[in-house]
Colleague: 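Next up is a structure, given as C-alpha cells.
Positions are given from 1, in the same order as the sequence printed here.
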Amino acid sequence: MNFSHTQTARLEIAADTAVATVLTGCSSPPPKGEVDTVAELVLNGTPAIAAVWKPILAGLGMTVTFDSVFCHGSPYVTFSDTRPSQVCELGDLLLVIDYSNGKSWTRQAALVQAKMDSAGRINVAGRSALDQLALYQKWPVFTFNSKVYDRRGRGFTTAITGASPTDAGRYGGIDLTVKSERWHQIDPTAVPPFVTASGTELGSFLARLADGQAGYGAAATHLSGMPPGTADDWSFTVAELLHITSRLSHAALTRAGGAGTVRGQSHTIKMATAHPMIDWIISELSYPPPGEGKPEGKGGRPRSNGISYIHGRIEPAP
C-alpha cells in the first residue's frame with residue numbers, strides 16, 4: 001500500500017466529489033451518453049481530481065502521476081473465443097496511476113468499458129457488446145487492428161502477475177439521472193445484467209488504484225515512450241496507449257475541450273520540497289504526431305503544443 005488508511009479514505013471522498021461535479025455538468029449542456037461522459041471525465045475530471053488530491057498528499061515526499069486516455073473507437077482488436085475473428089474496441093478509457101517514493105516507480109492501470117445505467121442495471125446485448133464482454137471476462141490473445149500499433153498477439157493472462165487478469169478491465173456504469181449522478185466500476189466476471197450499485201464509485205476506485213490495492217487495476221511495469229518489444233503484453237499495451245492513442249483527437253473531445261483537443265491527459269503531483277521549480281501539475285498535455293498511420297475512429301489528428309514531457313519524470317522547464 002502507498003498511503004495510510006486515513007489518507008486513502010480522504011482521497012476517495014475528494015475524488016468522488018470531483019467525479020460527481022463532472023457528471024452534473026462541467027460544461028453546458030451537461031454530457032449525454034457514455035461517449036460525451038467519458039470525454040468530460042478525461043478533460044475535466046482528470047485535472048479536478050489531481051487538484052483535490054494535491055493538498056491531501058502534500059508533504060509526503062512522493063510523486064503521483066494520473067493519466068487518463070480516451071480510447072473510444074481506437075484501438076479496435078481482433079480475437080477468437082466463441083467464433084473466429086471477433087472484433088470490438090479495446091475499451092472507452094484507460095486509467096493509469098504512477099507512484100514514486102523517490103527511489104522507484106510503480107504503475108497500476110485499468111481499462112474501462114463505459115455503459116449507461118438503466119434502472120440500476122447494465123444490460124449486455126448485441127454481438128459487439130457480447131464480444132466486449134468475452135474480452136474482459138476471459139482476455140484471450142488478441143491483436144490490434146490498426147497498423148499504427150504493434151501487431152503482436154497480446155495475452156494478459158500470462159503477463160499480469162500478482163492479480164487476476166480480469167482486474168485489467170472494468171465496466172463503468174454511468175447514471176446521469178438528475179440528482180442521482182453516479183459512475184460505478186463493475187467487475188466484468190459478474191453475471192449480466194450488471195447491478196451498478198454493487199460496484200465501486202469511480203473516485204474511490206481511482207484512490208484505491210493509486211494506493212496499489214489488489215482488485216483495483218493491475219500492476220504494470222513503469223515505461224516511458226514507445227515500449228521495448230521485450231516488455232510483457234500488459235505493460236506494453238498500457239505504455240503504447242499512453243504513447244500513441246493519447247496523442248490523437250476525437251470529435252467528442254471537441255465538445256468538451258475545443259477543436260484539436262487530444263485524447264490523453266496527464267497530471268503530475270510532485271511532493272518534493274527541495275526543488276520548487278518542478279512542483280506543478282501538468283495539464284492539457286499534447287504530443288507531436290506519431291510516425292505513421294492513424295488509428296480507427298473519428299479524428300486521429302495529433303497536434304503539438306511544444307511541451308517537453310518525459311512520462312513518469314518531471315523535467316525542469318527549459
Side-chain angles (χ1 to χ4, degrees), residues 1-5 7-9 11-12 15 49 62 64-69 71 75 77 79 81 88-101 103-114 132-142 144 152-173 183-192 194 198-224 227-228 230-242 245 311-312:
M1 303 302 176
N2 298 325
F3 312 117
S4 70
H5 177 76
Q7 288 163 345
T8 303
L11 293 173
E12 289 183 20
I49 291 168
M62 90 260 303
V64 174
T65 300
F66 176 21
D67 286 278
S68 61
V69 182
C71 299
V77 301
F79 63 96
D81 177 41
C88 64
E89 63 182 2
L90 182 62
D92 290 310
L93 176 66
L94 172 70
L95 301 169
V96 183
I97 295 187
D98 293 325
Y99 168 89
S100 175
N101 58 9
K103 298 179 181 179
S104 62
W105 287 93
T106 59
R107 169 173 287 175
Q108 200 85 350
L111 289 160
V112 181
Q113 180 65 29
Q132 182 77 55
L133 180 62
L135 183 69
Y136 276 45
Q137 287 185 333
K138 302 176 183 179
W139 285 116
V141 174
F142 63 90
F144 282 179
R152 66 195 284 176
R154 302 163 195 249
F156 289 173
T157 56
T158 56
I160 293 174
T161 59
S164 168
T166 56
D167 289 338
R170 285 290 182 268
Y171 273 71
W183 178 324
H184 287 88
Q185 296 282 88
I186 303 158
D187 188 337
T189 61
V191 178
F194 300 127
S198 65
T200 304
E201 289 204 54
L202 177 59
S204 296
F205 181 91
L206 286 167
R208 297 169 195 178
L209 189 75
D211 193 34
Q213 295 184 21
Y216 298 90
T221 302
H222 182 268
L223 300 169
S224 61
T230 54
D232 68 83
D233 288 341
W234 171 238
S235 300
F236 187 96
T237 299
V238 171
E240 196 176 25
L241 295 174
L242 288 171
T245 312
H311 182 73

Colleague: Heavy atoms only: give me the nearest Leu93-Ser68 pair and the separation to one decimal.
Modeller: CD1-CB, 4.3 Å

Colleague: Do Pro75 and Glu89 come close enough that some side-chain heavy atom pair is under 4.5 Å?
Modeller: no

Colleague: Would you say Tyr171's side chain and Leu133's backbone share a donor-acceptor pair under 3.5 angstrom?
Modeller: yes

Colleague: Starting at CD1 of Ile49, measure out to CZ of Phe66 and round the result to the nearest 0.5 Å.
Modeller: 4.5 Å

Colleague: Looking at residues at least two apart in the chain, or sitting in another chain, which of them share a ring-ring contact (aromatic ring centres under 6.0 Å, His included) with Tyr99?
Modeller: Phe3

Colleague: Give the minimum heavy-atom separation between Gly172 and Trp183, together with the two atoms involved.
Modeller: CA-NE1, 3.5 Å

Colleague: Can you confirm whether the side chains of Asp232 and Ser235 place a donor and an acceptor under 3.5 Å from each other?
Modeller: yes

Colleague: For the atom pair CG (Leu90) and CD (Gln132), what is the distance rounded to the nearest 0.5 Å?
Modeller: 7.5 Å

Colleague: Would you confirm whether Asp211, through its side chain, and Asn2, through its main-chain N or O, come within 3.5 Å as a donor-acceptor pair?
Modeller: yes

Colleague: To the nearest 0.5 angstrom, please state how far the NZ atom of Lys103 sits from the CE atom of Met62.
Modeller: 13.5 Å

Colleague: In chain order, what residues pass the ring-ring contact (aromatic ring centres under 6.0 Å, His included) check against Trp234, with sequence neighbours excluded?
Modeller: Phe156

Colleague: When you check the side-chain N and O atoms of Gln7 and Ser4, is any donor under 3.5 Å from an acceptor?
Modeller: yes

Colleague: Can you measure from CD (Gln185) to CD (Glu201) and round to the nearest 0.5 angstrom?
Modeller: 10.5 Å

Colleague: For the pair Asp233 (side chain) and Gly155 (backbone), establish whether a donor and an acceptor sit closer than 3.5 Å, ignoring hydrogens and angles.
Modeller: yes

Colleague: Taking all non-hydrogen atoms of both residues, which atom of Val96 and which atom of Ala109 are closest, and how far apart?
Modeller: CG2-CB, 3.9 Å

Colleague: Would you mind telling me which of Asp81, Thr157, Thr189 makes a side-chain hydrogen bond (donor to acceptor under 3.5 Å, both in side chains) with Lys138?
Modeller: Asp81

Colleague: Between CG of Leu242 and CG of Asp98, what distance do you get to the nearest 0.5 Å?
Modeller: 7.5 Å

Colleague: Show your reasoning for whether side-chain contact (heavy atoms from CB on, under 4.5 Å) applies to Leu202 and Leu95.
Modeller: CA-CA 11 Å; Leu202 177 59; Leu95 301 169; 4.1 Å; yes

Colleague: May I ask you to decide if Leu209's main-chain N or O and Gln108's side chain share a donor-acceptor pair within less than 3.5 Å?
Modeller: no

Colleague: Any cation-pi pair here, Arg154 with Phe144, using under 6.0 Å and within 45°?
Modeller: yes

Colleague: State, with a plain yes or no, whether a side-chain heavy atom of Ile97 is found less than 4.5 Å away from one of Arg107.
Modeller: no

Colleague: Step by step, work out the salt bridge (Lys or Arg N to Asp or Glu O under 4.0 Å) result for Arg152 and Glu240.
Modeller: CA-CA 12 Å; Arg152 66 195 284 176; Glu240 196 176 25; over 6 Å; no

Colleague: Hey, what do you get for CG (Leu111) to SG (Cys71), rounding to the nearest 0.5 Å?
Modeller: 6.5 Å

